[in-house]
Trainee: 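The structure follows.
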Amino acid sequence: MRTTDEHRTPVDDEEAVAKQLRLRGRVDLVDSSPAPGAPGTLVAGVDVAYDDVSGRLAAAAVLLDAADLRVVHSATARGPVPYPYRPGLLAFRELPAVLEALSRLESRPDLVVCDGYGLAHPRRFGLASHLGVVTGLPCLGVAKNPFGFHHGELGAARGARAPLLDPETGEEVGAALRTRSGVKPVYVSAGHRVSADAACAHVLSLAREYRQPQTTRLADRLCREALAAPG
DNA sequence: GCGACAG
DNA sequence: ATCTTGTCGC
């Protein structure tokens, strides 16, 4: 059926790329995300851990109050690794379990923070964009490496940023953002319903004492625990 | 052919 | 992603 087809894991890279090209038309780049740090706003962090030996993975979704960064609720999901790792196709590997974990949360988040890219992607449709389109939720991406993208020097102070550029086209796809003074920046990009500026503001609000947003740190810890847990 | 491109 | 202690420095 049509719906089953939409959510089926692609059989090969060609089909995966075609699916990205089809879905990317649904990305909303107009910001409708909540005000960063607003009390009562629920921000979800999602992450996935892998066990290459068993071929299984675990996803975690952690729900935080945006004002105090305290955990409101969390959920996990486990399953077989559905797709091999290919640069540019990460979403097909992580999305099924992430969606399952998100669906197990007691409340629908107002914003989702992903590990990886959104607009900063070869086809401008990274994990954060894909998750946003599928769920309809405001979504942004935070990555630890710039990979193929380039950026100029940025100041050493927390909050400093520089445009992240596609070296092929010169297109601005996100920002290198310093979340801790003197520490390597993180690489932020818009996913869905979140602008680049808002994405940076959200990340700064979520990363107050560590380089990574608290959403990412907690989700990372939880999915590792879920992967290691028996059963 | 080589380098390399989230996790 | 993951294998992984101690060590340097604020």
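First the proteins, then the strands, lettered A, B, ... as listed; each starts at 1. What's counted below: heavy atoms across the whole structure, side chains too, no hydrogens, waters or symmetry copies.
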Trainee: Which whole-number value in Å describes the distance from A/H121 NE2 to B/dG7 C1'?
Mentor: 12 Å
Trainee: Categorize A/G148 for me: base, sugar-phosphate, or nothing, with a 4.0 angstrom heavy-atom threshold over every strand shown.
Mentor: sugar-phosphate
Trainee: Grab the CZ-C1' distance between A/R180 and C/dG9 for me, whole Å please.
Mentor: 12 Å
Trainee: In whole Å, I'd like the distance from the OH atom of A/Y50 to the C1' atom of C/dA1.
Mentor: 7 Å
Trainee: If we ignore angles and hydrogens, is there a donor and acceptor under 3.5 Å between the side chains of A/Y83 and A/D13?
Mentor: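 Yes, because at least one side-chain N or O of A/Y83 sits under 3.5 Å from a partner of the opposite role on A/D13.
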Trainee: Measure from the side chain of A/R93, starting at C-beta and using heavy atoms only, and say which of B/dC5, B/dG7, C/dT2 lies closest.
Mentor: B/dG7
Trainee: Give the rounded distance in Å between these two atoms: CG of A/L227 and P of C/dA1.
Mentor: 13 Å
Trainee: Atom CZ of A/R158 and atom C1' of C/dC10: how far apart are they, to the nearest Å?
Mentor: 18 Å
Trainee: Check the side chains of A/S181 and A/R158 for a donor-acceptor pair under 3.5 angstrom, ignoring hydrogens and angles.
Mentor: no
Trainee: Taking atom P of B/dG7 as reference, at what distance in whole Å does atom NE2 of A/H130 sit?
Mentor: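 Value for this atom pair: 18 Å.
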Trainee: Is the shortest side-chain heavy-atom distance between A/R161 and A/R178 below 4.5 Å?
Mentor: no
Trainee: Within the 4.0 Å heavy-atom criterion, would you say A/A120 contacts the bases, only the backbone, or no part of the nucleic acid?
Mentor: nothing
Trainee: Please give, in whole Å, the distance from B/dC5 P to A/Q20 CD?
Mentor: 18 Å
Trainee: For B/dG7 and A/N145 - does any side-chain N or O of the residue sit under 4.0 Å from the phosphate oxygens OP1/OP2?
Mentor: yes
Trainee: Round to the nearest Å and state the distance from A/Y117 atom OH to C/dA1 atom P.
Mentor: 13 Å
Trainee: Tell me which nucleotide among B/dG7, C/dT2, B/dC5 gets nearest to the side chain of A/R224.
Mentor: C/dT2
Trainee: For residues A/S33 and A/D31, is any side-chain donor paired with an opposing acceptor at under 3.5 Å?
Mentor: yes
